[in-house]
Amino acid sequence: GKWVKTIYVTDGAARNKPTNQADHAAIRREEAIRVWECVGAEPPEFWDLPCRNIPLTEENATIMRKQIKESKAECIFVPFFMEPPLDHRKVSQLLAMAHQSDPLPKNLEIWSYQVSSIISPNVVVDITDITNNKEKINEIWESQNVVFNYAHFARGMNAYNSIFLPRKRMPYPQKRYAEVFFVADACTYVELVNKYSGKN
């Protein structure tokens, strides 16, 4: 029941050979559009910044800040700032730059999520009832799953996350799945990002 604006920051083309980057970027864009059609949300926005090399410039920070202000967002979802992929960390660093140029609203919540990292969550969401649908949506990313089966990996990660859910006393415990988040206000999140990335 919430309005969601989705932004893909990079073109996602770095996994392929340089000669095929444009084709790979086009495939990932088409997959992203199909994903959000399946979810039933409006089409995503694509910034097409270079994959594995997001420029941390004032210009890009200003663009991000403008998007946040115009959308009047209550929450922003970003990959956790300690995620192994460089691009995942750089998105949080760009968010921190956007905050420093023009402070984000004090009541704005940053929900950082896991992709490939184990995080210490302060919010856990039971997704048991929608896990099969999530897996079907993740399978749309054929260009990525051929390299590494992310749909399978995500299901396993969500199964592991169920350790954070309240225990139910039953003879045969139900197979449960959960999403986990580290949630903080914008100021707190930016402070953590800056400490981690070595910025003042």
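Residue numbers count from 1 along this sequence. Worth saying up front: this structure is predicted, and the values here are computed from it rather than measured.
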Under a 4.5 Å cut-off applied to non-hydrogen side-chain atoms, are Pro79 and Ser92 in contact? no

Flag the pair Leu104 / Ile68 as yes when at least one side-chain heavy-atom distance between them is below 4.5 Å, and no otherwise. yes

Evaluation steps, side chain to side chain contact (heavy atoms under 4.5 Å, CB included), between Val180 and Val123: CA-CA 6 Å; Val180 296; Val123 173; over 6 Å; no

Steps toward side chain to side chain contact (heavy atoms under 4.5 Å, CB included) verdict (Asn149, Gln144): CA-CA 7 Å; Asn149 193 332; Gln144 298 310 291; over 6 Å; no

Give a yes-or-no answer on whether the side chains of Gln93 and Asn194 include a donor-acceptor pair shorter than 3.5 Å. no

Flag if over 12 foreign heavy atoms under 6.0 Å of CG, Asp129: no

Kindly indicate, with the supporting measurements, whether the criterion side chain to side chain contact (heavy atoms under 4.5 Å, CB included) is fulfilled by Asn138 and Tyr150. CA-CA 7 Å; Asn138 277 339; Tyr150 285 96; over 6 Å; no

Output for pair (Met97 CE, Glu59 CD), nearest 0.5 Å, gives 11.0 Å

I'd like to know if Arg89 pairs up with Glu83 as an ion pair, taking the criterion as any Lys NZ or Arg NE/NH1/NH2 lying under 4.0 Å from an Asp or Glu carboxylate oxygen. no

Any donor-acceptor pair under 3.5 Å from Asn158 side chain to Glu179 backbone: no

So Asn60 and Val9, do their side chains get closer than 4.5 Å, heavy atoms only? no

Side-chain H-bond candidate by donor/acceptor type, Gln67 with Glu45, under 3.5 Å: yes

For Glu74, I'd like to know if atom CD has over 12 heavy atoms of other residues, nucleotides or ligands within 6.0 Å. no

Between the main-chain N or O of Asp11 and the side-chain N or O of Asp48, is there a donor-acceptor pair closer than 3.5 Å? no

Could you check if a side-chain atom of Ser117 sits within less than 4.5 angstrom of a side-chain atom of Met82, using non-hydrogen atoms only? no

With a cut-off of 6.0 Å (strictly less than), are more than 12 heavy atoms of other residues, nucleotides or ligands near CD1 of Ile33? yes

Would you say Asn145's side chain and Trp141's backbone share a donor-acceptor pair under 3.5 angstrom? yes

Walk me through it: do Cys38 and Ile140 pass the test side chain to side chain contact (heavy atoms under 4.5 Å, CB included)? CA-CA 9 Å; Cys38 186; Ile140 294 173; 4.1 Å; yes

Report yes if some heavy atom in the side chain of Ser162 is under 4.5 Å from a heavy atom in the side chain of Leu165; otherwise report no. yes

Would you confirm whether Ser197, through its side chain, and Val193, through its main-chain N or O, come within 3.5 Å as a donor-acceptor pair? yes

Thr10 side chain to Gly12 backbone, donor-acceptor under 3.5 Å: yes

Check whether any side-chain N or O of Thr128 sits under 3.5 Å from a backbone N or O of Tyr177 as a donor-acceptor pair, and report yes or no. yes

What verdict does the ring pair (Phe, Tyr, Trp, His ring centres under 6.0 Å) test give for Phe77 and Tyr113, after you've listed the backbone C-alpha separation in whole Å, the side-chain angles of each residue and the deciding distance to 0.1 Å? CA-CA 7 Å; Phe77 290 80; Tyr113 56 88; 7.0 Å; no

Let me know which of Glu31, Glu30, Glu37 forms a salt bridge (charged side-chain N to carboxylate O under 4.0 Å, His left out) with Arg34. Glu30

In Ser112, Ser120, Pro121, the residue satisfying side chain to side chain contact (heavy atoms under 4.5 Å, CB included) with Phe182 is Ser112

May I ask whether Leu86 and Leu192 are part of the same hydrophobic cluster, defined by side-chain heavy atoms of I, L, V, M, F, W, Y residues being less than 4.5 angstrom apart, directly or through others? no

Are the side chain of Ser101 and the backbone of Ala98 linked by a donor-acceptor contact shorter than 3.5 Å? yes

Side chains of Arg176 and Asn161: is there a donor and an acceptor less than 3.5 Å apart? no

Rounded to the nearest 0.5 Å, how far does NE2 of His99 lie from OH of Tyr189? 13.0 Å

Any heavy-atom pair between the side chains of His88 and Val115 that's under 4.5 Å? yes

Val91 side chain reached by Ile54 side chain, heavy atoms, under 4.5 Å: yes

I'd like to know if Arg52 pairs up with Asp87 as an ion pair, taking the criterion as any Lys NZ or Arg NE/NH1/NH2 lying under 4.0 Å from an Asp or Glu carboxylate oxygen. yes

For Lys5, does the NZ atom have more than 12 heavy-atom neighbours from other residues, nucleotides or ligands under 6.0 Å away? yes

Any side-chain to backbone donor/acceptor pair from Asp126 onto Ala178? Under 3.5 Å, distance only. no

Would you please indicate yes or no on a ring centroid separation below 6.0 angstrom for Phe181 and Phe80? no

Does a donor on one side chain sit under 3.5 Å from an acceptor on the other, for Trp111 and Glu109? yes

Taking the six-membered ring of Tyr8, is NZ or CZ of Arg29 closer than 6.0 Å to its centre and within 45° of its axis? no

